[in-house]
Participant: 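My questions will all concern the structure given below.
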Amino acid sequence: MSVTTLEQVSAKSSIVWNLVSQQPVSRDFDSNASIVLVGSRGSGKRSLGFIGATHLGRRFITEDYYFEETTGCSRGVFLRQYGGPAFYRRNIEVLRQMLDRNRTGCIIECGMASLATEAQRAIQDYSRTNPVIYVTRESDRIRKLLNLDEREGSRLEKGDLTHRSCSNFEYYNLYDSSCDGTDSGDQSPLPNIPSRLKYAKEDFSAFLDLLTGQGVIRSTYESPFSLAALPPECRSHTYALSIRLSTVPELNLEALEAGIDAFQLKIDTFLPDFQKTIAKSVATIRRTLGVPIIFYVEENVFEDSTYSPLEREDIYFGILQHGLRLGVEYVVVDLKYSTEQISRLVDSSGRTKIIGHHLHKQENSWGWDDESRMIQYRRAKTLGCDMVRFVRQTSKATDNETIRGFLHKIRAIPDHLPVIAYNLGEHGKSSLVENHIFTPVTHPIMKSTVSLSQTRQFLPTAAEAMQALYQKAVFDPLHFYHLGASVFYSLSPAMHTAAYEVSGLSNTFESLQVSSLEEIQRLCQKPSFGGAAITHPFKVQILSRISAKSYHAKAIGAVNTVLPLRLLPGDSPLDGSTPSLLRQANRRGKVGPVCAYYGDNTDFIGIMTCLRRNMSPRNVVQPSKTTGLVIGAGGMARAAIYAMIRLGCRKIFIFNRTVANAEAVAQHFNSWAAGLSNDGEVVRVLPSGQAEWPPNFLFPTMIVSCVPARSVGTHAAANFEMPLQWLGSPTGGVVADLAYSPLDTPLLRQIRRVRQETKQAWRIVDGLEILPEQAIAQFELMTGRKAPKRQMRLTVRQNYHRYEENSTSIHS
């Protein structure tokens, strides 16, 4: 890009940056504050509002509906009856009333009235106490959806940009290929009809969790060993991969996930439609990798420009403010800038964490023992930064010793900030390996690409850094098991072993057939025991040996993951409290005497993820209406019921050949979840397969089969098919079969026939889609490391045919 072109683009952008930086923006809200969505027609506000209201359990209000409810007629009718001026005045009055009377517990979608100047003033006032999200998307996509010509589209886009001035957040609604059926998923051998918005559901739900802060709070309370329970800066040895904004479109981001705890997006250049380009890149990274984003503006973004230092500073902080609008998890601010600008950034950061940054490129001017480093640290803390990052170019191995002394001095300070500190250069690798937080790493596929700063050649990959920690005995090799009565055909060892390899973990994983709890406990007593996946028939029995359980395990009444609790040197006695369990969670990866066990359950995560991902908007869960059906009464059936409850379903039926077992499961959940239903009954038992579907209940739109398609031990294969009188949903739904031996079960064959004959929109989920989802969560519980999701899903597909052959030969 030429200097002239760069300055033209920058000049246009700087108008917006100045506007943003001059506006006093607040992002500190009560977690239950109502959330407002603004944006142009075609941006997807209504769909996102529905998704958000369902996810957060809030009331969803649309401006159109509220206007009609308040005035007694639609906008169109009101306009024709009373004329334009009266309509305009009434529109603003109703908007103000809608906002003022619904300040908590709602998701509010504003229509085109939000383009009016008076309306934007009202919304801007509201943004001082509530989140207002400007929803945007690809301009060409909006034009196509609304069938607009170029002139009309440009006019709409110009008006839409005014929403930035009345909002404090921005969400790029990335195109969802599942909307038009072009998404091929994970190449399942079973054909599926397309469901809609499955990626958008996950994206926007995660964005709202970050905005409200509910994600971390919920995870810490429910499962202290989950990755979300501890932010990356509080975990042991986390890694960040850096990518420049200009290179995002050309990278295969999916291939970069292994071992990465955060993704640093470097703003390195001005591009056309700059703000939307950044927003799209952030959305793409979130969807593809699902890790926190560190937002960093490089110095060379101003290369070849003629801006004065003050102009550069204003533009720099304008870009950082845009990062805050996008709700990124971390924003890096250079500590060389003015106190006033940094303080303003911190004041408007909301739940985004600010990393004070100091990079020293010139060698020999100061060392790590220089007092100026402590001055910078104290300044960052005074300014309200959440973390501090010190980086120094070096060619001396002795600098790795002095950096240890610097960190020791910091850690001796009570309530000190988390500090990132490392050397860069040919002798800096040791300091990189020893750094605890967001160590910069590269990736094997990036080693051949160009690094403008020439630092990538000195960086380890995440796997190499982990291997170096094993060599230094920071971590120990651990042994993991898959334990049950019939695990000889398990895909778990292949999945976990592949994940260990790409993540640089020196662990082992094996399946062992066991016949008693005593046998399980003998294996779990070994000092090198890292964790166990528990399967049939021990998921309920194992509870008697568990000292501490997650919220999920207690609710389900079954455990599929057992982790060791160790009494490590200098630790306080185990008391089962959340702080005690968080300390244990942060010490995974070390051998030691096992003194107790922690139990969790990830089965429900696999089921819930697949149900939510495959549910169409027509069948979205409505607590007062939606009905679910679970087949079976074992540990997996319990997990399926819990998954449906978590999704908001309050009318669940269970069917099992042994009715007494089904009644016991129903009694467990009705006791646990009595307050969730008006009559205290969330789960009901179907007495037989000949029974008609109960009157006064809608036909089920979520059906999960948890019975084996092959014999297990002395239990014969279920060969279950659905009673046709239960398949009456006119809108279809989701049918999930957890069995994957064989994959093509009698139930799934039946549903395909029914789908073809009745044209009901049943979406099929097979066992190979569910299996890796629960295993991904299990890997993270066991290791405390981010799971390489793509690799684990791929391994299941690659190994299934070999597994099926082995399983067939065993049963023949």
Side-chain angles (χ1 to χ4, degrees), residues 47 50-51 54-55 176-203 205 604-622 625-631 636 639-641 643-644 646-649 651-653 698-707 709 720-724 726-740 742-774 793 796-797:
S47 295
F50 203 76
I51 289 168
T54 302
H55 177 67
D176 192 333
S177 60
S178 70
C179 292
D180 55 15
T182 60
D183 170 49
S184 59
D186 48 15
Q187 303 299 321
S188 169
L190 302 179
N192 278 318
I193 61 171
S195 87
R196 297 182 58 209
L197 300 176
K198 66 180 184 181
Y199 301 116
K201 291 176 191 175
E202 295 171 4
D203 295 348
S205 296
F604 87 94
I605 294 175
I607 298 168
M608 184 173 68
T609 298
C610 292
L611 288 176
R612 182 170 52 207
R613 187 182 289 162
N614 291 283
M615 187 69 67
S616 70
R618 293 184 70 187
N619 290 322
V620 70
V621 175
Q622 300 179 63
K625 297 179 179 179
T626 302
T627 305
L629 172 61
V630 174
I631 311 302
M636 291 300 288
I641 291 171
M644 291 181 182
R646 296 277 295 191
L647 289 170
C649 186
K651 302 176 188 297
I652 302 168
F653 287 85
L698 296 179
F699 286 101
T701 52
M702 292 188 292
I703 300 171
V704 181
S705 173
C706 307
V707 294
F720 177 78
E721 286 194 3
M722 186 71 61
L724 289 175
W726 298 352
L727 290 173
S729 168
T731 57
V734 180
V735 176
D737 196 326
L738 274 57
Y740 58 90
L743 188 62
D744 193 14
T745 64
L747 173 62
L748 297 190
R749 289 197 296 271
Q750 178 199 24
I751 298 301
R752 281 197 295 275
R753 290 196 306 269
V754 169
R755 188 170 66 188
Q756 188 170 6
E757 293 166 2
T758 66
K759 307 306 178 186
Q760 292 170 326
W762 289 106
R763 183 165 174 86
I764 290 171
V765 179
D766 65 58
L768 288 197
E769 185 174 344
I770 296 169
L771 176 65
E773 300 308 317
Q774 70 82 20
R793 292 174 184 137
V796 166
R797 294 290 170 185

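All residue numbers refer to positions in the sequence shown, counting from 1.
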Participant: Kindly say whether M722 contributes a backbone atom to a donor-acceptor pair with the side chain of Q750 at under 3.5 angstrom?
Facilitator: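 Yes.
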
Participant: CZ/F720 to CG/D737 distance, rounded to the nearest 0.5 angstrom?
Facilitator: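 If I round to the nearest 0.5 Å, the distance is 9.5 Å.
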
Participant: Please report the closest heavy-atom contact between L629 and P700, naming both atoms and the distance.
Facilitator: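 The pair with the smallest heavy-atom distance is CB-CB, 4.0 Å.
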
Participant: Roughly how far apart are M644 CE and T627 OG1, rounded to 0.5 Å?
Facilitator: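 If we round to the nearest 0.5 Å, M644:CE and T627:OG1 are 10.0 Å apart.
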
Participant: Minimum heavy-atom separation for T701 and G732, please, with both atom names.
Facilitator: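 Where T701 meets G732 most closely, the heavy atoms are CG2-O, 3.4 Å.
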
Participant: Is the shortest side-chain heavy-atom distance between L724 and V754 below 4.5 Å?
Facilitator: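 The answer is yes; the side chains approach within 4.5 Å.
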
Participant: If you look at every heavy atom in L743 and L748, which pair is closest and at what distance?
Facilitator: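 The answer is O-CD1, 3.8 Å.
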
Participant: Is the shortest distance from a Lys or Arg side-chain nitrogen in D766 or R752 to a carboxylate oxygen in the other one below 4.0 Å?
Facilitator: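 No.
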
Participant: With sequence neighbours left out, write down each residue that passes side-chain contact (heavy atoms from CB on, under 4.5 Å) with P730, or none if nothing qualifies.
Facilitator: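 By the side-chain contact (heavy atoms from CB on, under 4.5 Å) rule, P730 matches no residue at all.
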
Participant: Taking the side chain as every heavy atom from C-beta outward, state whether I703 and W762 have any atom pair closer than 4.5 Å.
Facilitator: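 Heavy-atom side-chain distance check passes, below 4.5 Å.
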
Participant: Verify side chain to side chain contact (heavy atoms under 4.5 Å, CB included) between T758 and L727, making sure each step is shown before the conclusion.
Facilitator: CA-CA 10 Å; T758 66; L727 290 173; over 6 Å; no

Participant: Which value, rounded to the nearest 0.5 Å, describes the distance between L738 atom CG and L771 atom CG?
Facilitator: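 Output value for this atom pair is 9.0 Å.
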
Participant: Check for a donor-acceptor pair, side chain of R755 on one end and backbone N or O of Q760 on the other, with a separation under 3.5 Å.
Facilitator: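 Not confirmed, R755 side chain does not pair with Q760 backbone.
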
Participant: What are the two closest non-hydrogen atoms of L698 and K625, and how far apart are they?
Facilitator: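 Distance-wise, the nearest heavy atoms are CD1-O, 3.6 Å.
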
Participant: Indicate yes or no: at least one non-hydrogen side-chain atom of F50 is less than 4.5 angstrom from one of S47.
Facilitator: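 No - every pair of side-chain heavy atoms lies 4.5 Å or more apart.
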
Participant: Hey, are the side chains of M615 and M702 touching, using non-hydrogen atoms and a 4.5 Å cut-off?
Facilitator: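 Heavy-atom side-chain distance check passes, below 4.5 Å.
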
Participant: Kindly write out the residues that satisfy salt bridge (charged side-chain N to carboxylate O under 4.0 Å, His left out) with R749, not counting sequence neighbours, or none if the list is empty.
Facilitator: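 Testing R749 for salt bridge (charged side-chain N to carboxylate O under 4.0 Å, His left out), a comparison that skips the adjacent residues, returns none.
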
Participant: Can you find a heavy atom in the side chain of I51 that is under 4.5 Å from one in the side chain of S205?
Facilitator: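 I51 reaches S205 side chain to side chain.
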
Participant: Less than 4.0 Å between a side-chain N and a carboxylate O, is that true for R793 and E773?
Facilitator: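 Looking at E773 and R793, the cut-off is met.
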
Participant: Please evaluate residues V735 and R763 with respect to the criterion side chain to side chain contact (heavy atoms under 4.5 Å, CB included), reporting the C-alpha separation (whole Å), side-chain torsions for both, the decisive distance (0.1 Å), and the verdict.
Facilitator: CA-CA 6 Å; V735 176; R763 183 165 174 86; over 6 Å; no

Participant: For the CZ atom on R753, are there more than 12 heavy atoms of other groups (residues, nucleotides or ligands in this structure) within a distance under 6.0 Å?
Facilitator: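 Yes, CZ of R753 has more than 12 neighbouring heavy atoms, counting only those of other groups under 6.0 Å.
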
Participant: If I take atom CZ from residue F653 and atom CD1 from residue I631, how far apart are they, to the nearest 0.5 angstrom?
Facilitator: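 With rounding to 0.5 Å, CZ (F653) is 12.0 Å from CD1 (I631).
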
Participant: Would you say N614's side chain and C610's backbone share a donor-acceptor pair under 3.5 angstrom?
Facilitator: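 Here the side-chain-to-backbone pair exists.
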
Participant: Could you tell me which non-hydrogen atom of I770 sits nearest to which non-hydrogen atom of A736, and how far apart they are?
Facilitator: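 Distance-wise, the nearest heavy atoms are CD1-CB, 3.9 Å.
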
Participant: Nearest 0.5 Å, what's the SG-CE distance between C706 and M636?
Facilitator: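 Answer for the SG-CE pair, C706 versus M636, is 6.0 Å.
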
Participant: Which heavy atom of R797 sits nearest a heavy atom of E769, and at what distance?
Facilitator: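 The pair with the smallest heavy-atom distance is NH2-N, 3.8 Å.
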
Participant: Would you give the length of the straight line joining atom NE2 of H55 to atom CZ of R612, rounded to the nearest 0.5 angstrom?
Facilitator: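 That separation rounds to 7.0 Å.
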
